[in-house]
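Some notes on the structure that comes next.
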Number of protein chains: 2
Amino acid sequence: MFSLDTAASPPPDPRQALARADALCQERGVRLTELRRRVLEILWNSPTPLGAYAILDVLREDGRTGAPPTVYRALEFLLEQGLIHRLTSQSMFTGCRQPGSRHDGQFLICQDCGQVDELNNPAIEELLRAEAAAREFEALAQRVEVLGRCPDCRRGAIDHAA
Amino acid sequence: MFSLDTAASPPPDPRQALARADALCQERGVRLTELRRRVLEILWNSPTPLGAYAILDVLREDGRTGAPPTVYRALEFLLEQGLIHRLTSQSMFTGCRQPGSRHDGQFLICQDCGQVDELNNPAIEELLRAEAAAREFEALAQRVEVLGRCPDCRRGAIDHAA
DNA sequence: TCGGAAATTGTTATTTTATAACAATTGTTA
DNA sequence: TAACAATTGTTATAAAATAACAATTTCCGA
């Protein structure tokens with residue numbers, strides 16, 4: 001038996017992701033400035049989502065001066081362009097695995113290690129849209145997050161118990 | 001044509017909600033203290049979700065002394081008992097329309113007026129569970145929120161344009 | 001290529017949300 | 001009623017996000 005709906009996320013490769021972002025921004029005529037590109041790179045280089053202040057720390061390690069608004073503005077741009085997602089339950093940000101087609105995504109978030117898997121199950125999206133439509137509610141964005149434990153951490157926990 | 005999956009939320013009635021909460025806590029042998037009950041009441045009396053500090057303001061109008069931890073602890077209890085929900089994208093809290101059976105719910109949140117409709121569509125819940133299971137992810141909680149405009153605000157917007 | 005408007009980034013200060021740590025009080029039970 | 005647990009009060013601080021304005025860079029037309 002196999003899943004009918006969604007493929008697994010492609011392995012996140014920072015270089016590819018940045019090249020894709022470059023291309024998308026060029027197409028769209030928007031500017032992926034050095035700062036914005038660097039923030040995106042920082043996110044892609046991290047195995048787990050990062051908060052704005054963690055990103056700011058890395059920028060400062062770069063030698064760049066900056067304050068929270070610097071980061072938040074870059075994040076705002078990246079969100080608008082669909083290059084990253086915000087995990088609202090965590091106040092954190094992560095690179096989008098399917099940029100290009102704007103979407104909100106669905107996330108499996110490990111509460112132990114923080115790692116995140118991005119789903120894009122159209123059936124879930126569609127059901128939510130339908131629920132909204134049935135109530136004459138104009139749906140503009142979806143936030144779908146599943147909190148729990150990833151396979152690695154489950155195995156780790158089993159090891160500890162053994 | 002009609003929806004197959006979920007009924008509309010019952011009209012929120014503070015008195016009923018509080019009576020139900022009393023009963024549930026009694027059954028469970030947990031204490032719905034005066035403070036906790038009052039916080040729940042404040043939430044039910046509000047037409048829209050409230051943040052912790054808005055709740056604190058009302059408590060102070062009551063004449064009660066208190067600080068943020070007072071409110072957050074009461075909220076924590078109410079969340080544990082499934083008597084309220086947290087809207088993570090808003091950092092706000094709202095009374096649960098179907099207490100008794102623990103669930104995470106799904107929410108339609110109006111970005112104009114703040115009003116919230118609670119869904120409990122089992123198909124959405126099930127799809128998320130299935131996605132998690134397919135990836136061997138242990139799902140412990142779900143956060144599902146749709147942001148947009150409620151029917152009232154859509155009509156209001158049309159009126160303005162007209 | 002120069003100058004001015006728009007976009008981007010820098011900077012300072014503040015607001016909003018949430019929690020840590022410990023003290024005081026209340027409730028429960030032996 | 002003493003002792004213990006649960007709840008609430010209090011002070012202080014951490015963490016996340018934004019407001020407001022200044023400086024800089026980019027873009028584009030004259």
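Chain naming here is simple, since letters A, B, ... match the order of the sequence lines and numbering starts at 1 in each.
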>> Considering every strand and a 4.0 Å limit on heavy-atom distances, what is the contact class for Arg73(A): base, sugar-phosphate, or nothing?
In response: base

> So, is Arg36(A) near the phosphate of dT9(C), with a side-chain N or O under 4.0 Å from OP1 or OP2?
Replying inline: yes

> NA contact type, Thr70(B), heavy-atom cut-off 4.0 Å: base, sugar-phosphate, or nothing?
Replying inline: base

> To the nearest angstrom, how far is Arg38(A) atom CZ from dG10(C) atom P?
Replying inline: 14 Å

> Whole Å only: how far is the CZ atom of Arg37(B) from the C1' atom of dT8(D)?
Replying inline: 19 Å

> Between Ile55(A) (CD1) and dA17(D) (P), how many Å, whole number?
Replying inline: 10 Å

>> Between C1' on dA5(D) and CZ on Phe77(B), what's the gap in Å once rounded to a whole number?
In response: 16 Å

> When the distance from CD of Glu76(B) to C1' of dT8(D) is rounded to whole Å, what number comes out?
Replying inline: 13 Å

>> Counting neighbours of CD on Glu34(A) that are heavy atoms of other residues, nucleotides or ligands and sit closer than 6.0 Å, is the number greater than 12?
In response: no

> Using purine N1 to pyrimidine N3 plus N6-O4 or O6-N4 for Watson-Crick, or N1-O2 and O6-N3 for G-U wobble, both under 3.5 Å, which nucleotide pairs with dA30(C)?
Replying inline: dT1(D)

> Base, sugar-phosphate alone, or nothing: which one does Ala52(A) contact when heavy atoms must sit under 4.0 Å apart?
Replying inline: nothing

> How long is the line joining OH of Tyr72(B) and P of dA15(D), in whole Å?
Replying inline: 15 Å

> Which one of Thr33(B), Ile55(B), Leu59(B), Leu18(B) satisfies the side chain to side chain contact (heavy atoms under 4.5 Å, CB included) criterion with Arg38(B)?
Replying inline: Leu59(B)

>> So, OP1 or OP2 of dT10(D): does either fall under 4.0 Å of a side-chain N or O from Thr65(B)?
In response: yes

> Which residue lies toward the 5' end of DNA chain D, Pro69(A) or Arg31(A), if each is placed at its nearest nucleotide?
Replying inline: Pro69(A)

> What is the distance, rounded to the nearest whole Å, between atom CG of Leu56(A) and atom P of dG10(C)?
Replying inline: 11 Å

>> Using heavy-atom distances to pick each residue's nearest nucleotide on DNA chain C, tell me which of Leu35(A) and Pro68(A) is more 5'.
In response: Leu35(A)

>> Quick check for you: to the nearest 0.5 Å, what is the distance between Gln106(B) atom CD and Ile124(A) atom CD1?
In response: 10.5 Å

> OP1 or OP2 of dA17(D) sitting under 4.0 Å from any side-chain N/O of Ser91(A)?
Replying inline: yes

>> With a cut-off of less than 4.0 Å, is there a side-chain N or O of Thr33(B) near OP1 or OP2 of dT8(D)?
In response: yes

>> Please determine whether a side-chain nitrogen or oxygen atom of Arg86(A) lies at a distance below 4.0 Å from atom OP1 or OP2 of dA16(D).
In response: no

> Between Arg28(A) and Glu80(A), does at least one N-O distance fall below 4.0 Å, as a salt bridge requires?
Replying inline: no

> Rounded to the nearest Å, what distance is computed from the OH atom of residue Tyr53(A) to the C1' atom of nucleotide dA14(D)?
Replying inline: 11 Å

> Given the rule in the side-chain contact (heavy atoms from CB on, under 4.5 Å) test, do Val146(A) and Phe137(B) qualify, once you have shown the distances and angles that lead to the verdict?
Replying inline: CA-CA 9 Å; Val146(A) 178; Phe137(B) 182 95; 4.0 Å; yes

